[in-house]
Amino acid sequence: MEIIIQFVQAETKNTADALVFEKLEQLGKHYKWIIRADVKFKEEKGTYGKGKICEIILSCPGPQIFASSNEDSFEAAVAETIRDIEVQLKKRKSEMQTH
């Protein structure tokens, strides 16, 4: 699985970067049919909300899988987004037919 990480209008944070690689590698071992993961970190400045956004798009057979979360830190946003991705992957796996 190919993993592409971008920081958009935010400073690169190595801990978030490493956490994403670790979690996505685990998912890639469990779901071998994932082709690519595009991860974007964004920081909203001047918002009243949490402001640290993580978006993940997985390329796999069928429609792409997308999840996003907005938290206080990039690490928390990664954890929440990965949880959402796992739910979608489990659902996709149950729908797939074996030939």
Side-chain angles (χ1 to χ4, degrees):
M1 170 177 41
E2 180 184 5
I3 301 172
I4 299 169
I5 299 176
Q6 296 177 334
F7 284 83
V8 180
Q9 297 180 349
E11 291 183 28
T12 303
K13 194 162 185 188
N14 292 335
T15 55
D17 203 357
L19 182 63
V20 166
F21 268 109
E22 177 187 332
K23 297 290 186 182
L24 288 176
E25 287 293 324
Q26 289 175 0
L27 286 178
K29 288 178 185 174
H30 194 264
Y31 302 99
K32 301 234 183 257
W33 36 267
I34 299 173
I35 300 166
R36 187 171 98 187
D38 292 307
V39 182
K40 288 185 184 176
F41 289 103
K42 298 178 185 178
E43 188 170 0
E44 289 184 349
K45 300 185 191 293
T47 62
Y48 297 106
K50 299 174 182 175
K52 309 282 187 195
I53 300 169
C54 175
E55 296 178 349
I56 299 177
I57 301 171
L58 294 182
S59 298
C60 50
Q64 290 181 331
I65 294 176
F66 173 81
S68 176
S69 62
N70 187 350
E71 297 292 334
D72 292 324
S73 68
F74 284 130
E75 291 81 5
V78 167
E80 183 64 31
T81 306
I82 291 290
R83 271 185 241 123
D84 293 344
I85 288 283
E86 285 176 336
V87 169
Q88 293 181 53
L89 285 171
K90 286 177 186 174
K91 184 176 179 183
R92 174 75 57 91
K93 186 175 182 178
S94 70
E95 293 173 353
M96 291 177 83
Q97 296 177 354
T98 57
H99 296 286

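Interatomic distance, Cys54 SG to Lys42 NZ, rounded to the nearest 0.5 Å: 10.5 Å. Separation of atoms OG1 (Thr12) and CD1 (Ile5) is listed at 10.0 Å; rounding is to 0.5 Å.
The minimum heavy-atom distance between Met1 and Ala37, with the atom names listed, is SD-CB, 4.2 Å. Considering all non-hydrogen atoms of both residues, Glu75 and Ala16 come closest at OE2-N, 3.7 Å. When every heavy atom of Ala76 is checked against every heavy atom of Ser73, the shortest pair comes out as N-OG, 3.2 Å. In terms of heavy-atom proximity, Asp84 sits nearest to Ser68 at OD2-O, 4.2 Å. Nearest heavy atoms, Asp72 versus Lys52: O-CG, 3.3 Å. Closest non-hydrogen pair, Leu27 versus Ile34, comes out as O-CD1, 4.1 Å.
Val39 is not listed as a side-chain neighbour of Phe21, based on a closest heavy-atom distance of 4.5 Å or more. Using a 4.5 Å heavy-atom cutoff, the side chains of Glu43 and Gln9 are not in contact.
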Step-by-step side-chain contact (heavy atoms from CB on, under 4.5 Å) determination, His30 to Gln26: CA-CA 6 Å; His30 194 264; Gln26 289 175 0; over 6 Å; no
Please determine whether side-chain contact (heavy atoms from CB on, under 4.5 Å) holds for the pair Glu44 and Asn70, giving the CA-CA distance in whole Å, both sets of side-chain angles, and the decisive distance to 0.1 Å. CA-CA 9 Å; Glu44 289 184 349; Asn70 187 350; 4.1 Å; yes
After noting the C-alpha distance and the side-chain angles of Leu24 and Ile82, does the key distance pass the side-chain contact (heavy atoms from CB on, under 4.5 Å) rule? CA-CA 8 Å; Leu24 288 176; Ile82 291 290; 3.9 Å; yes
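A donor-acceptor pair is defined here as one N or O able to donate and one able to accept, closer than 3.5 Å; such a pair exists between the side chain of Gln88 and the backbone of Phe66. With Thr81 contributing its side chain and Glu55 its backbone, the two residues share no donor-acceptor pair below 3.5 Å.
Residues Val87 and Tyr31 do not share a hydrophobic cluster, clusters being chains of Ile/Leu/Val/Met/Phe/Trp/Tyr side chains in contact below 4.5 Å. The hydrophobic cluster containing Ile35 does not contain Ile57, counting ILVMFWY residues as joined when their side-chain heavy atoms lie under 4.5 angstrom apart, directly or transitively. Tracing side-chain contacts under 4.5 Å through hydrophobic residues (I, L, V, M, F, W, Y), one never reaches Phe7 starting from Ile53; they form parts of separate clusters. Grouping the Ile, Leu, Val, Met, Phe, Trp and Tyr side chains by contacts below 4.5 angstrom, directly or via other members, places Ile3 with Phe74.
Checked for salt-bridge contact, Glu86 and Arg83 miss the test: no charged N lies under 4.0 Å from a carboxylate O.
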